[in-house]
2 protein chains.
Amino acid sequence: MQFLESTAMTPVPSPAPSTGNDRGRGFSPRTLPEQVAEELGAEIVAGRRKSGERLVELELAKGFGVSRGPIREAIRILERRRLVEVLPRRGAYVRPLSLKSVADLFNVRTALSLLAARTMASSPVESYVETLARRCDDLDELVAHGDPISFAQITTRAVRAIANGSGNGLLLELSTDLANQTVWTTIWKEPLDYLTLEVRRTTADLMRKTLDAIRRSDPDAAVANLGRLLDDDRDRALATLSAIRRQTPLANEADGS
Amino acid sequence: MQFLESTAMTPVPSPAPSTGNDRGRGFSPRTLPEQVAEELGAEIVAGRRKSGERLVELELAKGFGVSRGPIREAIRILERRRLVEVLPRRGAYVRPLSLKSVADLFNVRTALSLLAARTMASSPVESYVETLARRCDDLDELVAHGDPISFAQITTRAVRAIANGSGNGLLLELSTDLANQTVWTTIWKEPLDYLTLEVRRTTADLMRKTLDAIRRSDPDAAVANLGRLLDDDRDRALATLSAIRRQTPLANEADGS
DNA sequence: AGAATGTCAATTGTCAACAATTGACATGAT
DNA sequence: ATCATGTCAATTGTTGACAATTGACATTCT
C-alpha cells in the first residue's frame, strides 16, 4: 500500500495486472521475496531484530518456510532500503544506526522534501493539492485527540503527499525509502512522547501554512514553513533519541576521491 | 571468465563446459553478481543495451558464462542503481529515461549537493576542503585545454568532494548513485559540446567561489554559487538532450497514491 | 466474421544440493 | 607462553532442475 511503482514504462509488452501466487499459507499479495522482505523489514522496524544482529540465511529460510533463494533476494531488497547491511562473504546484519546516522537521515529527508515543496508550489496540480489538504484536515483533527502514533503517521503521509505532488518520480521514490527508515528509527523505541499538544498544534499549523503557500504558488514560503516543521521534528526526535540511548553503535564513512 | 562477448539473442554455442570452472584461477576481488552487475551496467551506460531493452535471464547467463542465480542478483543490484527496472513476473528492462526523468534526476542531485555545500560550509574540515581545492585547481587547468569529457568528469568529482566533505554518509551514498546515472545520461550520446570555453570558465569560477564560501564558512554563498552552477549545468544538458533526440519513443510517468 | 476459450512455448520463480570461503579452535614450533 | 599453522564446522556462493505464470496462438462457439 505504501510501496511505490516508480516511473512506470512498458516498452513492448502490454500491461496486465497480475494476481499473486498462493503458495504457503496466509497472504498472496506479491512474490515470495517481497513478502519476506516486507515481513522481515517489519520485524526490524518493530525492533524484534536488534541493531547489528546477524541474519543467517538458513535460519530465516526455516523461519519463513521457504528456501534460501527468496531469503537471499529479500535481504537484497532490504539492503536497498537501507535496513540491512551485507558484508561480501560474511553475512547480512541489521544496519546499526548511530545518532549521527539518524541526523544525516533527517537532513537528507528534509532537503528532498523542500525540493518537493518548492517544485509543487511552482506549479500546483489540483488533485495533489487536494490530497495534501485532506492530510492537513486529518492533522487538525488529530491535534485534539491525543494519539501520537497516528499523528506521526499522518504527518509522514502529508510529507509524502508533497513528494508525490512534486511530480518528480525519483524524488518520491527516495523520499518513501527514507520515510520508512525514519519511521523505523523513531517508532523503534517508545518515543513520540515529545508530540505534546503544543507541538502537534504547531506542526499542524506549519503544515497548513505550507499548503496555503503551495496554493498561492509561493515556493519560498512553502519551503520556509515546511523547513521549520521538519527541522523542529528532527531536533525533537534527536533529542529524544539521545536521551534514550547514551551509547551508540558505530557507523560508517570513507572514501576518498 | 570470458565476459564481454554476448550480444542480444544470438545463442552462440558457448564454449563453457558443464562444470567449467574457469574462474577459480587468480583471485576474485568481488562476488560474481557484482562483477556481472558492473559489466552489464557498463554495457547499459555505454549504450550497448538500448533503452527499454528486455534483459532475459537465461540469455545473460549464457552470455556471461554463469548460471541464472548470479544474473538475477546482478539485476537486483542494477535495479538498486536505477539502471534497470524489474516487473514482477515479466522480466527486467533497461530503464528508459524520458527527458523529464533526466530533469528530475538533475533536480534531486542539485538538492542533495546544496545540502552538502551548506553542511560543509557550516563546519569545514580542512582535509576535505583541500580536496575540493585540488579539484578547483584541476578545473582551472582544464578550462584552457579543451577536453570536455575530462572537464565534466572533474566537475563531477568536485561535486562529489563536496558531498564527501559534508560528512553525511547517506548523502554521499545517494549522490554517488545519482552521479553515476547523471554521467550515464550525459555521456550516453556524444553531447558535451555545450561545454564551450566560456561555459567552462564560468563553471570553474563558480566552483571556486563555492570553495571560497565554504572556506569562510558562508553557507548561503556556497549554496548560491553551487546552485547556479548546477542549475546552469542542468539547463544546458537538457537543452542538448532535447535537441539530440527528437525522434525517440518517449516514456511516461505514473504514480501511486 | 468476431469473440470467447483452450492450449502451448517461453520465461520467471523456487527449490535442494554442491562447492568455496570464513573464522575459530586445536595443535605444534620457537 | 606466544605465535604460527592445520584442520574443521558453519555459512555463504553457485548451480541445475523443477514448478508456476505469462502472453500469444489456435480452436471453437455464436
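So you know, we letter chains A, B, ... as the sequences are listed, proteins then strands, and number each from 1. All values below come from the heavy atoms of this structure, side chains included, with hydrogens, waters and symmetry mates left out.
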Under 4.5 Å between any side-chain heavy atoms of A:R72 and A:I75, yes or no?
-> no
For DNA chain C, whose closest nucleotide is more 5', that of B:R54 or that of A:P70?
-> B:R54
Nearest whole angstrom, please: distance from the P of D:dG16 to the CZ of B:R72.
-> 16 Å
Between A:I75 (CD1) and D:dT12 (C1'), how many Å, whole number?
-> 10 Å
Between CD1 of B:I77 and CG of B:L83, what distance do you get to the nearest 0.5 Å?
-> 12.0 Å
In whole angstroms, how far is the P atom of D:dT12 from the CG atom of A:L60?
-> 9 Å
A:R54 side chain to A:R90 main-chain N or O, any donor-acceptor pair under 3.5 Å?
-> yes
Is it true that the side chains of A:R160 and A:S175 contain a donor and an acceptor less than 3.5 Å apart?
-> no
Atom pair distance, as rounded to whole Å: CD1 in B:I71 and P in D:dT15 | 9 Å
Between P of D:dG13 and CD1 of B:I77, the distance in whole Å = 11 Å
Just call it for B:G69: base, sugar-phosphate, or nothing, with non-hydrogen atoms closer than 4.0 Å on any strand.
-> base
Between the side chains of B:S98 and B:S101, does any donor sit under 3.5 Å from an acceptor?
-> yes
Show me the protein contacts with nucleotides 22-24 of chain C, counting only N or O atoms at under 3.5 Å.
from	atom 1	to	atom 2	distance (Å)
C:dG23	OP1	A:R90	NE	2.4
C:dG23	OP1	A:R90	NH2	3.0

Integer-rounded Å distance: C:dT14 P and A:E73 CD = 7 Å
Just how far, in rounded Å, is C1' of C:dA10 from CG of B:L55?
-> 16 Å
Determine, for B:K100 against B:D104, whether the closest basic-nitrogen to carboxylate-oxygen distance falls under 4.0 angstrom.
-> yes
A:E57 side chain: which of D:dG13, C:dC15, D:dA17 is closest?
-> D:dG13
Closest to the side chain of A:R76, out of D:dG13, D:dT11, C:dT12, is D:dG13
Please determine, for the side chain of B:R68, which listed nucleotide (C:dT12, D:dT11, D:dG13) has the closest atom?
-> C:dT12
Compare the minimum distances between each of C:dT14, D:dT15, C:dT12 and the side chain of B:S67, then state the nucleotide with the smallest one.
-> D:dT15
Could you tell me whether A:E173 and A:R80 have a side-chain N and a carboxylate O separated by less than 4.0 Å?
-> yes
Specify the separation, in whole Å, of atom CG of B:L32 and atom P of D:dT12.
-> 18 Å
